[in-house]
Amino acid sequence: MCEILFAGCAGGGGVKMNGYGGSVLTVNLTTGEGVKKPLDEKLAARYLGGCGFGAYFMNRVVDAKVDAFSPDNALMVAPGLFVGTAVPTGGKTSFFSKSPLTGGWGEGVMGGRIGLSLKQAGYDMLILTGKAQKLSYLLINDNEVAIKSAEHLQGATTRDTADAIKEDEGKDVIVAGIGMAGEKLVRFAVIDCEDRQSGRGGIGAVMGSKNLKAIAVRGTHDIPVANPEKMYRVMAEAYTKLKESPAFQDDGKYGTGEFLEWMNKEKGTFPTRNWREGVFDRRQQIDPYYWAPRFAIKNKGCVQCTKPCGKAFVMEKFDGSLDGIEYETLFSLGGNCGIEDVEYVARANELCDLHGMDTISAGGVVGLVMDLYENGILGKEELGVDATFGNGEALLELIEKMARREGIGDLLAEGVKRIAEKIDSGAEAYAVHVRGMEPPAYDVRGIKGMALAFMTSPRGACHLRSGAYALELTGKFWKFEGVDRLSSRDKGYEIAQMENFMAVYDSLGVCKFSRGIYLLNFADMLDAVTGKPLSEDELVTIGERICTLKHIFNIKAGWKREDCRLPEKIHRPIPEGAAKGSFVSTEEEREMLDDYFAARGWDRNGIPGKKRLEELDIAEFME
């Protein structure tokens, strides 16, 4: 058994609330003090859960100006409202902290069971502050909380960490932990739970800065619901709709990458070789239509998932297996690095998972390095490898160096923005990021609404805070139709509304791959779970409140309008393919931002107006 450094929990019991665990747990890792408080019912009604709770408590608890690696920064975990119920695909949990990668709002969402177990233990929000004296893990066993030594797990992979803690504490304990990258404070380190990652912004590095190797939770209580009979009837109807959806079949067969060929051939917006091009000419093997029948042995779903898009991928060229490969990783470790051999992409994916690194940022870093190498700004002497695009061995070696911060890896672990600033010599012209965040797999030169979404996302370049790529690429979704992806006009209201839409999903804990089936038709589900149905308009207002609070946190952290700028490469035309010649000009950047700020009721500098803050009942957060 591990050495127990602290055990116990102060505070009273939670409140009985339909759909909730009923309490908030705060643990100071420095002092070992744990405090449990009842969840406020009015707070729950206004923010729902998940990212809503994160937006509220981050503004309440964290000084936005604090260094991300300071013990005063907090690490928070909040399951969505629907976690622990029978809502299909409603099992997502959110993690929050000030990001060490961007210096602003940090947020990641995962489908591992840590949120379910946390909620079953009675907690709708876990807030961790301070720093443990030595490498430790937090054990939550319903009302009992302990901090235990994890020194024997130093350097362990995410999988080995979970296995070791389960061996000590029991197989029913759910573990969310970090790997080597988190311990080494790689600025894009992730938190892993059951091969599901809270992936962006470096929250795993914040966990490492707190000397916290893992969070282990055993929850044994059921989540009460208002109307069990209605819940199962409504959920059965939802499952039928999901099963009849074309996406159910495609995702089940080929995973999230099933539209890779479409993105290349039909849209010309698959970023390639560090965003030089919008079409990957050597994509055949990384297309799931090629590799899924050859290497995938079964589907793997998140908790509460009824349409699993994960794939158990068993490699032949390398010894190992992984849960993947997701579309974003096929881009970041595949096309963006010019890698055509899917087994090298798979192995790179596995290394990132084991060491605990975000595959999008890792691929963005390697893509930059390869671009700088081919343009003579970096050489083999500094890198130790022949870092040409397409070199799979170089990809694997650079990932290992990053995770361990060895040699050039110490610089690479800082992320694209800091790499370019450190190297100078014109490197910033090749650095693709927005506010320090490496972007995902959508060449926004040919998807201009997404260019705006990259600029306005609270966590930097992100496709998931708005999810507008589907609307832009197909031309219609929800209440929008006739959208022209190659035009920059009328994007402000569109992106603001889509951000509100997606904030609702992250507060409820619903998978965004279900958005085309559910839209915002959650009134019956909410009535069954909480006894309080909410209309679409009411949900959109909650989403706006959440999005505005995230923005307020960034303002307090030092955000300014001029930070919302696209990388230089986005101002150059796509050279070939269906979107040939398309790019985003600096004038279009300015006009889209003006339009967005107006749609939000903010001034031209992006500062929310008092009137709208009062209407959202959050004016106090700007005082």
Side-chain angles (χ1 to χ4, degrees), residues 17-22 39 41 43-57 76-96 107-116 118-120 123-125 196 198 223-227 230-231 234-235 237-239 241-242 302-307 464-467 478 497-547 549-550:
M17 295 174 57
N18 290 322
Y20 293 92
L39 177 66
E41 293 190 46
L43 172 69
R46 291 165 55 76
Y47 296 97
L48 302 179
C51 81
F53 287 178
Y56 176 85
F57 282 106
M76 303 185 187
V77 189
L81 169 53
F82 287 156
V83 172
T85 70
V87 174
T89 73
K92 298 292 187 178
T93 295
S94 296
F95 290 71
F96 312 94
E107 174 183 2
V109 182
M110 72 153 66
R113 288 185 293 168
I114 189 69
L116 170 62
L118 193 66
K119 205 167 179 182
Q120 289 175 328
Y123 307 111
D124 300 291
M125 169 62 85
R196 295 290 187 268
S198 174
I223 307 301
V225 296
N227 190 332
K230 181 175 183 178
M231 183 181 72
V234 171
M235 304 323 158
E237 294 170 357
Y239 174 70
K241 290 181 181 179
L242 286 167
C302 299
V303 62
Q304 291 178 227
C305 182
T306 52
K307 54 181 294 293
L464 292 172
R465 302 286 70 74
S466 72
W478 187 28
Q497 287 295 300
M498 286 304 302
E499 288 173 342
N500 297 342
F501 182 105
M502 288 305 181
V504 173
Y505 269 65
D506 286 339
S507 62
L508 295 175
V510 177
C511 175
K512 291 168 182 172
F513 287 126
S514 303
R515 63 189 181 275
I517 294 96
Y518 290 141
L519 296 177
L520 289 180
N521 300 317
F522 292 117
D524 282 342
M525 291 183 184
L526 286 164
D527 187 37
V529 173
T530 68
K532 299 173 183 177
L534 292 170
S535 68
E536 177 176 298
D537 287 345
E538 289 173 313
L539 288 171
V540 170
T541 297
I542 291 173
E544 183 182 356
R545 181 181 296 124
I546 293 167
C547 290
L549 276 180
K550 293 178 185 180

Looking at [atom1] of [X] and [atom2] of [Y], how far apart are the two atoms once the value is rounded to the nearest 0.5 Å?
X    : Y    : atom1 : atom2 : value
L48  : L43  : CG    : CG    : 10.0 Å
R465 : M498 : CZ    : CE    : 12.0 Å
M502 : C547 : CE    : SG    : 11.0 Å
I546 : S507 : CD1   : OG    : 4.5 Å
L534 : D527 : CG    : CG    : 9.5 Å
T306 : L242 : OG1   : CG    : 4.5 Å

Without swapping roles, check the side chain of D124 against the backbone of G21 for a donor-acceptor pair under 3.5 Å.
yes
Who passes side-chain contact (heavy atoms from CB on, under 4.5 Å) against [X], sequence neighbours left out?
X    : result
I223 : K119, Q120
L464 : R459, C462, K512
D524 : K230, V234

Which heavy-atom pair separates [X] from [Y] by the least distance, and what is that distance?
X   : Y    : result
C51 : E107 : CB-OE2, 3.3 Å
A55 : K550 : CB-CG, 4.3 Å
M17 : A44  : CE-CB, 3.6 Å

Under 3.5 Å, which donor-acceptor pairs do the side chains of residues 76-96 form with other protein atoms, sequence neighbours left out?
{"unit_1": "T85", "atom_1": "OG1", "unit_2": "F82", "atom_2": "O", "d": "2.6"}
{"unit_1": "T85", "atom_1": "OG1", "unit_2": "V87", "atom_2": "N", "d": "3.3"}
{"unit_1": "T89", "atom_1": "OG1", "unit_2": "S514", "atom_2": "OG", "d": "2.8"}

In this structure, is the centre-to-centre distance between the rings of Y505 and F522 below 6.0 Å?
yes
Filter on salt bridge (charged side-chain N to carboxylate O under 4.0 Å, His left out), then keep only pairs touching residues 76-85, sequence neighbours left out; what's left?
none
Which residue pairs pass the salt bridge (charged side-chain N to carboxylate O under 4.0 Å, His left out) test when at least one of the two sits in residues 532-541, sequence neighbours left out?
none
Apply side chain to side chain contact (heavy atoms under 4.5 Å, CB included) to Q497 and W478, showing your working.
CA-CA 10 Å; Q497 287 295 300; W478 187 28; 3.9 Å; yes
Please report the C-alpha distance between E499 and E544 in whole Å, then the side-chain angles of each, then the deciding distance to 0.1 Å, and finally whether the side chain to side chain contact (heavy atoms under 4.5 Å, CB included) criterion is met.
CA-CA 8 Å; E499 288 173 342; E544 183 182 356; over 6 Å; no
Check: R515 and F501 side chains under 4.5 Å, non-hydrogen atoms:
yes
